[in-house]
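The block underneath contains the structure these notes are about, expressed in structure tokens.
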Number of protein chains: 2
Amino acid sequence: MTSTHQNVSAPPPAERKAYTPLTAAIDVEACFSLLEGRWKLVILFHLFGGKVLRFSDLEKCITGISQKMLAQQLRRLEADGIVERTVHSQVPPRVDYRMTPWGQQLCPALDSLLKWAELREQYSIQ
Amino acid sequence: MTSTHQNVSAPPPAERKAYTPLTAAIDVEACFSLLEGRWKLVILFHLFGGKVLRFSDLEKCITGISQKMLAQQLRRLEADGIVERTVHSQVPPRVDYRMTPWGQQLCPALDSLLKWAELREQYSIQ
DNA sequence: CAGTATCCTTAAAGATACTG
DNA sequence: CAGTATCTTTAAGGATACTG
């Protein structure tokens, strides 16, 4: 045991990348472009927490989405490593979707955006 | 003093809003729409940390931006309460921009997105 | 200096129909 | 069930010129 009170198996030094205004903006924009499709966020919030849903489940719980858009957004989320797609070879076909481990980590990041939005009221009390 | 070990001047209970997948998605999308203009993020990252810049300063430090786009994005950021605009009545005109207190709070939220992006490598080591 | 005003281009999304 | 394929609409952004 070390002499500190810290967790013995503390994570590595957590060296952060260095950013300029430009590179920070570029990297945040990259995140946005991963997430900003018309239906991506609803899809993600339905999958957060380890949920596994079929194409038809998503179709049912997201009102207003078309098959074209659902498929398109899922393809992009999959290509970007945020969502995982599993095809079960059977008839009729069964395909389901879940978050990747990295995708799941999005949750706290989006939550801090929500916290920021909630903060607005406190600053707008005139 | 209370019988707990908590900080005496602890912040209010911090009751969080309750979200469904749909409302969470809507609220995050609202954040995105505040931030997703073509040049907004570069502008913000140049203003973070209390910096105060003139229109022409921003024009100089953001390569490629046109006056039209700079003015447009600034107008929206101002209308959304993220940036503050001050007009000094003098000739030639002098206008400067800074973050609002609420806008400044964006910094940690965007930082957690950057952290998420940095995480990607750790998960993609195959 | 700090902007507007116009015109043009182009991607994203919607509607709809079809299929292994 | 789980998708594609087409066609059309629309809004964001770029280029360029002008102004109090």
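In what follows, chains carry the letters A, B, and so on, assigned in the order in which the sequence lines appear, proteins first and then strands, with residues in each chain numbered from 1. Just the heavy atoms: all of them, side chains too, but no hydrogens, waters or symmetry mates, feed the values below.
- The CZ-C1' distance, from B:F55 to C:dA2, rounds to 6 Å in whole Å.
- At the phosphate of D:dG13, OP1 or OP2 sits under 4.0 Å from a side-chain N or O atom of B:Q73.
- Rounded to whole angstrom, the span from the CG atom of A:L70 across to the C1' atom of D:dA5 amounts to 17 Å.
- For the pair B:M69 CE and C:dT6 C1', the computed distance is 15 Å after rounding to whole Å.
- If you measure from atom CG of B:L41 to atom C1' of D:dG13, you get 16 Å, rounded to the nearest angstrom.
- A 6.0 Å sphere centred on CD of A:E121 holds no more than 12 heavy atoms belonging to other residues, nucleotides or ligands.
- Side-chain proximity of A:Q67 to C:dA15, D:dC1, D:dG3: nearest is D:dG3.
- Of all non-hydrogen atoms in A:L47 and A:Y97, the two that sit nearest each other are CD2-O, 3.5 Å.
- Counting heavy atoms from C-beta on, the side chains of B:L77 and B:R75 never come closer than 4.5 Å.
- For the pair A:H88 NE2 and D:dC1 C1', the interatomic distance rounds to 13 Å; values are reported in whole Å.
- When each of D:dG20, C:dA5, C:dA15 is scored by its nearest atom to the side-chain atoms of B:K68, the top-ranked nucleotide is C:dA5.
- Among the nucleotides D:dG13, C:dC1, D:dC1, the one closest to any side-chain atom of A:P93 is D:dC1.
- Side-chain atoms of B:L70 and B:F55, non-hydrogen and from C-beta on, do get closer than 4.5 Å to each other.
- At the phosphate of C:dG3, OP1 or OP2 sits under 4.0 Å from a side-chain N or O atom of B:R85.
- Distance from the side chain of B:A71 is smallest for C:dG3 among the nucleotides D:dC1, C:dG14, C:dG3.
- Regarding contacts with the backbone of C:dA2, a side-chain N or O of B:S56 is found under 4.0 angstrom from either OP1 or OP2.
- Residue A:R54 places at least one side-chain N or O under 4.0 Å from the OP1 or OP2 atom of D:dA2.
- Residue A:W39 has no polar side-chain atom (N or O) positioned under 4.0 Å from OP1 or OP2 of C:dA12.
- When the P atom of D:dA2 is taken as reference, atom CG of A:L53 falls 11 Å away, rounded to whole Å.
- Minimum heavy-atom separation, A:T100 to A:G81: OG1-O, 2.7 Å.
- In plain terms, the two heavy atoms of A:G49 and A:Q104 that are nearest each other are N-OE1, 3.1 Å.
- End-to-end axis angle for the helix from C:dC1-D:dG20 to C:dG20-D:dC1, using five pairs per end and rounding to 10°, comes out at 60°.
- A close approach under 4.0 Å does occur between a side-chain nitrogen or oxygen of A:R38 and OP1 or OP2 of C:dG14.
- The side chain of B:V95 has C:dA2 as its nearest neighbour among D:dT16, C:dA2, C:dG14.
- Within 4.0 Å of A:Q90, counting heavy atoms only, lies no atom of the nucleic acid at all.
- For A:L53 against A:H46, the heavy-atom pair with the smallest separation is CD1-O, 3.8 Å.
- Atom CD1 of B:I65 and atom P of D:dT16 are 17 Å apart (whole Å).
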